[in-house]
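The basis for the numbers below is simple: all heavy atoms, side chains too, and nothing from hydrogens, waters or symmetry mates. In what follows, chains are A, B, ... by sequence order, proteins preceding strands, each numbered from 1.
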Amino acid sequence: MTEEKLQALLQEALARAGAEAGEGEAEFTVPPDASHGDLTTNAALVFAKKLGADPRKLAGDIARALRGAPGTTAVDVAGPGFVNVRLADEVILNAITEALRRGDDYGRSELGRGAKVQVEFVSANPTGPLNAVNARAAAYGDALARLLEFTGYDVEREFYVCNVGTQMDLLGRSVRARLLELLGETGEQAEIPEGGYRGEYVKTIANALYEQGKISAEDGHEKIGQAAAEEILAGQKRDLEDFRVRFDNWFYEDLLYRENKIPKTLDILASRGTSYEKDGALWLRTAAAGDDEDRVVVRADGRPTYFLTDIAYHLDKYERGFAKVVDVLGPDHYGHVKKLQAMATLLALPGGWLEVIISQQVNLLEGGEKVKMSKRAGALVTMREVMDDIGVDAARFFFLMRSPSSHLDFDFELARMQTPENPVYYAQYCHARVESIKGEAGEEWAAAPPEKADLGELDLPEERSMARAIWEFPKAVEAAATRREPHRLTTYATGLAALFHNYYHHHRVLQAPTAAKAQARLALARAVGQTVKNALRLLGVSAPSRM
RNA sequence: GCGCCCGUAGCUCAGCCGGAUAGAGCAGCGGCCUUCUAAGCCGCCGGCCGCAGGUUCGAGUCCUGCCGGGCGCGCCA
């Protein structure tokens with residue numbers, strides 16, 4: 001309410017000064033330093049240049065326009081021309097009431113207006129167990145999906161299963177080789193093919209499938225590969241579920257073939273005049289759409305490339321009616337980004353429809369020593385090992401602390417050692433502590449409606465800081481969602497937890513000087529607990545009541 | 001060679017699409033448990049934001065060029 005009013009007043013002031021402020025050009029932000037107020041705008045600095053005016057003077061004009069607005073207590077010009085607004089305590093403290101009233105929905109918004117959005121992530125080949133890189137993508141994609149849901153989008157989580165092609169072929173041959181080896185054969189057939197899968201799990205699967213009677217030595221590699229892929233995929237699903245990641249849709253690549261999507265896609269490409277033949281192959285004019293060069297979609301021998309199935313896949317997504325699609329790809333797909341965007345341009349898909357995010361690599365360290373991550377190298381650290389070793393909560397939090405674009409060093413030894421000091425426990429403990437206080441307070445009191453407390457009793461600076469942080473939460477959620485950066489919430493959660501832990505050690509909640517104060521403090525504590533819980537939930541991290 | 005990502009405290013990373021004295025965790029040093037959980041709190045130490053230019057009122061943030069680390073560049077997926 002107050003903020004909308006301020007925004008309107010700011011626009012008016014700028015208009016009076018002769019400036020046209022477009023959407024998002026003149027905005028208020030929350031200064032990190034509370035001594036600069038609760039809301040600040042640099043509009044005077046931005047527009048002074050355009051108007052050829054003195055920034056301090058323009059700031060003064062803006063400040064005059066804002067001064068006295070309901071819900072504010074001070075409007076000042078500071079520094080080179082910032083306009084700082086301090087909100088009335090009631091406005092800030094009201095966030096406590098809001099948080100308690102809305103509960104698990106505190107921070108939820110209608111930003112997305114129900115638009116259908118798809119987030120595709122992990123999408124590993126069914127040729128081996130999920131590894132730590134997949135785990136990071138899983139944590140990221142799921143958190144992003146949660147954020148988008150929470151900000152009013154209709155979100156679908158999709159996993160693309162590449163169950164066609166060379167890698168499947170190699171899997172079948174590899175498993176068959178291990179099977180023959182198990183049965184005592186020594187010939188060429190019992191050798192893992194060039195580029196095949198050498199991991200221990202291949203033996204395990206060959207053995208298991210054989211004992212279940214699902215495969216035999218007489219079976220060809222196609223049948224064996226299919227059986228193995230099913231087994232592996234089932235394992236991936238289990239891993240993901242235990243990691244608290246659930247997909248709405250598992251899209252099998254072979255569906256594109258079964259539904260004849262490939263020739264249809266070729267027709268579309270041809271009709272748009274975006275493809276041409278050269279050297280017996282069919283090429284797409286991706287260079288004309290921002291890619292470095294044109295790309296082959298059908299090889300000279302008639303087989304489609306992976307790129308072509310990818311185009312068919314994305315056309316399918318478009319036909320399914322998503323207003324926006326986010327692809328979370330692994331670091332090994334970096335080379336795809338340009339191709340995919342070029343494809344979107346060539347197909348005249350709406351601008352910004354396809355968003356590609358690379359979830360960067362994970363350098364796994366064990367006591368400072370690098371662990372090889374390549375699937376084909378055989379030695380790998382699985383998602384399962386990560387979970388079992390440091391726990392789902394800590395793992396998810398750890399993966400989400402960094403921005404997706406930066407490489408991540410994940411030292412197991414360190415993660416294990418740090419466990420007691422891990423930021424995730426710090427944030428969780430904040431929630432547990434509030435629950436503990438509620439338990440001590442007794443059921444009736446702890447569940448009292450926030451309206452019963454006189455929040456005006458909260459007159460300590462620390463109390464206002466916490467209320468301000470709670471007030472800021474919806475903005476933090478919005479920023480994290482809009483910028484696709486869940487890691488902002490890890491920072492937020494630990495920040496709020498720090499404020500509370502500090503407060504806890506200096507002031508008594510229940511044994512406050514007066515009963516009225518105690519009630520107000522309890523409401524504040526409950527609001528903190530609720531907000532931390534909401535932040536953690538968006539990250540897919542649990543908020544235990546006892547630790 | 002071309003392209004992308006990253007260089008911020010001893011270590012791992014934040015830094016809100018140019019803003020006000022650059023933050024946190026860990027590590028190190030020193031304090032704090034008769035209290036609603038010490039998985040906590042308080043204090044100290046610690047930074048030519050890789051280097052050099054440029055853009056402007058203002059640069060860790062944007063541009064250019066180097067240096068260093070990583071990754072991607074196939075009629076593979």
Sugar-phosphate, base or nothing in reach of A/H507, heavy atoms under 4.0 Å: base
Syn/anti state for B/rC33 [syn: chi within 90° of 0]: syn
Sugar-phosphate only, base, or nothing, as touched by A/A78 at under 4.0 Å among non-hydrogen atoms: base
Stepwise ring-ring contact (aromatic ring centres under 6.0 Å, His included) check, A/F159 with A/F121: CA-CA 6 Å; A/F159 187 115; A/F121 58 111; 8.2 Å; no
A/Y252 and A/Y160: CA distance, side-chain angles, deciding distance, ring-ring contact (aromatic ring centres under 6.0 Å, His included) verdict: CA-CA 6 Å; A/Y252 292 81; A/Y160 180 65; 9.5 Å; no
Per-pair stack call A/H501 and B/rA39, 5.5 Å, 30°: no
Pair A/K339 + A/E293: basic N to acidic O under 4.0 Å: no
Value in whole Å for how far the P atom of B/rA24 lies from OH of A/Y426: 11 Å
Sugar-phosphate only, base, or nothing, as touched by A/S403 at under 4.0 Å among non-hydrogen atoms: sugar-phosphate
Donor-acceptor pair present, A/N42 side chain and B/rA20 base, under 3.5 Å: no
A/H36 over B/rA20, stacked by centroid distance under 5.5 Å, angle under 30°: yes
Sugar-phosphate, base or nothing in reach of A/L45, heavy atoms under 4.0 Å: base
Upstream residue (5' side of RNA chain B) when A/E472 and A/S545 are each assigned their closest nucleotide: A/E472
Nearest-nucleotide pick for A/Y429, side chain only, options being B/rA38, B/rG15, B/rC5: B/rA38
Partner nucleotide, any strand, of B/rC66 [Watson-Crick/G-U, under 3.5 Å]: B/rG50
B/rG1 pairs with, by Watson-Crick or G-U criteria that keep both distances under 3.5 Å: B/rC73
Touch class at under 4.0 angstrom, heavy-atom based, for A/D310 against every strand present: nothing
Sugar-phosphate only, base, or nothing, as touched by A/P331 at under 4.0 Å among non-hydrogen atoms: sugar-phosphate
Ring-base stacking, A/Y504 with B/rG40 (5.5 Å, 30° cut-offs): no
Check against ring-ring contact (aromatic ring centres under 6.0 Å, His included), A/Y140 and A/F399: CA-CA 7 Å; A/Y140 175 78; A/F399 283 131; over 10 Å; no
Touch class at under 4.0 angstrom, heavy-atom based, for A/A476 against every strand present: nothing
Distance-only donor-acceptor test, A/T491 side-chain atoms vs B/rA24 base atoms, 3.5 Å: no
Between B/rC73 (C1') and A/H333 (NE2): distance, integer Å: 14 Å
B/rC44 pairs with, by Watson-Crick or G-U criteria that keep both distances under 3.5 Å: B/rG28
Between A/H336 and A/F307, ring centroids under 6.0 Å: no
Whole-Å gap separating C1' (B/rG15) and CG (A/D33): 14 Å
